[in-house]
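Structure first, commentary second.
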Amino acid sequence: MIEAYFDGLCEPKNPGGVATFGFVVHRGGKTVHEGHGLAATPYSDGATNNVAEYTGVLRALEWFLLQGLEKEKIVVRGDSELVVKQLKGEYKVKSPLLAPLYKKTRDLSSKFESLTFEWVPRERNREADRLTNLAYADYTGEKMRAPTTDVMSVDLVFGADRDAVTAALRKAGIEAKATAVPGGTRVQADLPAEADALKPLLKIKAALENKG
């Protein structure tokens, strides 16, 4: 199986900043290709974060086609819920700016025999995030943004059974290890070292324990 991760940003303002994209391709657990660059004319109305995200997907698909990989099983992952859910048909595309990018992406997708899109949390998209930042730095000459690769290890005990905890974590898109312990479930996860990163986990914990 071939895996691709994509990302996009638009800074210092969205819209109207410098929109850049990045993507990385893995095969057999090894990195086989990286790509990054501008996603739109800088400081224009067309420079937005979502345009950048879509461009990351498009450039990855274009690379696959150039390599003749249409018959391979491919999974494309990103942390943009909007883009991933639009490409999976779960969200409608209402933006006139995104509609052409959506159509082009779907047209390219139809050329593959086995292509799926998956959402992943931000902490699992670090390589594509790094490349997106690199593209921004290459264009502006500014120092890259503070890295988003720092993580904190969390170890909590939920007062709920393992099946309920696992289902809630999966629904929230949180990757964590859930282990049954006396009186509940032990949850271990690596989260971004950010102030609000723990809130979704604590919200799930409170909801499950209140049910009990």
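Just so you know, these numbers come straight off a predicted model, no measurement behind them. Heavy-atom basis, side chains included; hydrogens, waters and symmetry copies ignored.
- We find that E118 and R77 are joined by a salt bridge, their nearest charged nitrogen and carboxylate oxygen being less than 4.0 Å apart.
- Atom NZ of K177 is separated from atom CG of D155 by 10.0 Å, given to the nearest 0.5 angstrom.
- Side-chain contact between I204 and V165: absent, with no pair of heavy atoms (C-beta onward) separated by less than 4.5 Å.
- Proximity of a side-chain donor or acceptor of N133 to a complementary backbone N or O of D129 within less than 3.5 Å is detected.
- Put simply, the side chain of S95 gets close to the backbone of L97: a donor and an acceptor are under 3.5 Å apart.
- Between the N210 side chain and the A206 main chain, a donor and an acceptor come within less than 3.5 Å of each other.
- Side-chain contact between V187 and V157: absent, with no pair of heavy atoms (C-beta onward) separated by less than 4.5 Å.
- When all heavy atoms are compared, the tightest approach of G173 to P121 is O-CG, 3.5 Å.
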Please report the C-alpha distance between S109 and L61 in whole Å, then the side-chain angles of each, then the deciding distance to 0.1 Å, and finally whether the side chain to side chain contact (heavy atoms under 4.5 Å, CB included) criterion is met. CA-CA 7 Å; S109 298; L61 296 185; 3.8 Å; yes

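- Looking at D7, V24, T132 one by one, the single match for side-chain contact (heavy atoms from CB on, under 4.5 Å) with E127 turns out to be V24.
- Criterion: ILVMFWY side-chain heavy atoms under 4.5 Å apart, direct or through other members. Under it, F21 and V76 are part of a common hydrophobic cluster.
- With values rounded to the nearest 0.5 angstrom, L101 atom CG is found 14.0 Å from R106 atom CZ.
- Both Y91 and Y102 are assigned to one and the same hydrophobic cluster, defined by single-linkage of ILVMFWY side chains at heavy-atom distances under 4.5 Å.
- Put simply, the side chain of V18 does not reach to within 4.5 Å of the side chain of C10, judged on heavy atoms.
- Within 6.0 Å of atom CD in E175, 12 or fewer heavy atoms from other residues, nucleotides or ligands are found, so the atom counts as exposed in its surroundings.
- Side-chain atoms of R126 come within 3.5 Å of backbone N or O of E123 as a donor-acceptor pair.
- Using a 4.5 Å cut-off on side-chain heavy atoms (C-beta onward), Y139 and L134 make no contact.
- Put simply, the side chain of L156 reaches to within 4.5 Å of the side chain of L202, judged on heavy atoms.
- For the pair N14 (side chain) and N49 (backbone), a donor-acceptor distance under 3.5 Å is present.
- Under the 4.5 Å side-chain heavy-atom criterion for grouping Ile, Leu, Val, Met, Phe, Trp and Tyr, V57 is connected to V93 within one hydrophobic cluster.
- What you find for A178 and R162 is that their closest heavy atoms are O-NE, 2.8 Å.
- No side-chain heavy atom of E72 sits under 4.5 Å from any side-chain heavy atom of F112.
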Using a 3.5 Å cut-off and no angle test, enumerate the donor-acceptor pairs between side-chain atoms of residues 34-41 and protein atoms at least two apart in sequence or in another chain.
residue, atom, partner, partner atom, Å
E34, OE2, R130, NH2, 2.9
H36, NE2, D138, OD2, 3.2

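- Formation of a donor-acceptor pair under 3.5 Å by the N125 side chain with backbone atoms of Y5 is not found in this model.
- The structure places NZ of K104 at 6.0 Å from CG of L58, a figure rounded to the nearest 0.5 Å.
- Across all their heavy atoms, P96 and P100 have their closest contact at O-CD, 3.2 Å.
- Under a hydrophobic clustering in which Ile, Leu, Val, Met, Phe, Trp and Tyr are joined whenever their side-chain heavy atoms come within less than 4.5 Å, directly or via other members, Y136 and V51 fall into different clusters.
- Both F64 and V83 belong to a single network of hydrophobic side chains, linked directly or stepwise wherever heavy atoms of I, L, V, M, F, W or Y lie under 4.5 Å apart.
- The CG atom of L169 sits 6.5 Å away from the CG atom of L201 when rounded to the nearest 0.5 Å.
- Within the 3.5 Å criterion, the main-chain N or O of K73 finds no donor-acceptor partner in the side chain of S114.
- V32 meets the side-chain contact (heavy atoms from CB on, under 4.5 Å) test with V25, R27, W63; sequence neighbours excluded.
- Looking at heavy atoms from C-beta onward, Y54 lies out of side-chain contact with T48 at the 4.5 angstrom threshold.
- Under the 3.5 Å distance criterion, the side-chain polar atoms of W119 are matched with a main-chain donor or acceptor of D79.
- The distance from atom CD1 of I74 to atom CG of L115, rounded to the nearest 0.5 Å, is 6.0 Å.
- Between G78 and V84, the shortest heavy-atom contact is O-CG2, 3.9 Å.
- Distance check: L98 CG to N50 CG gives 5.5 Å after rounding to the nearest 0.5 Å.
- Within a 6.0 Å radius of CG in D107, other residues, nucleotides and ligands contribute more than 12 heavy atoms.
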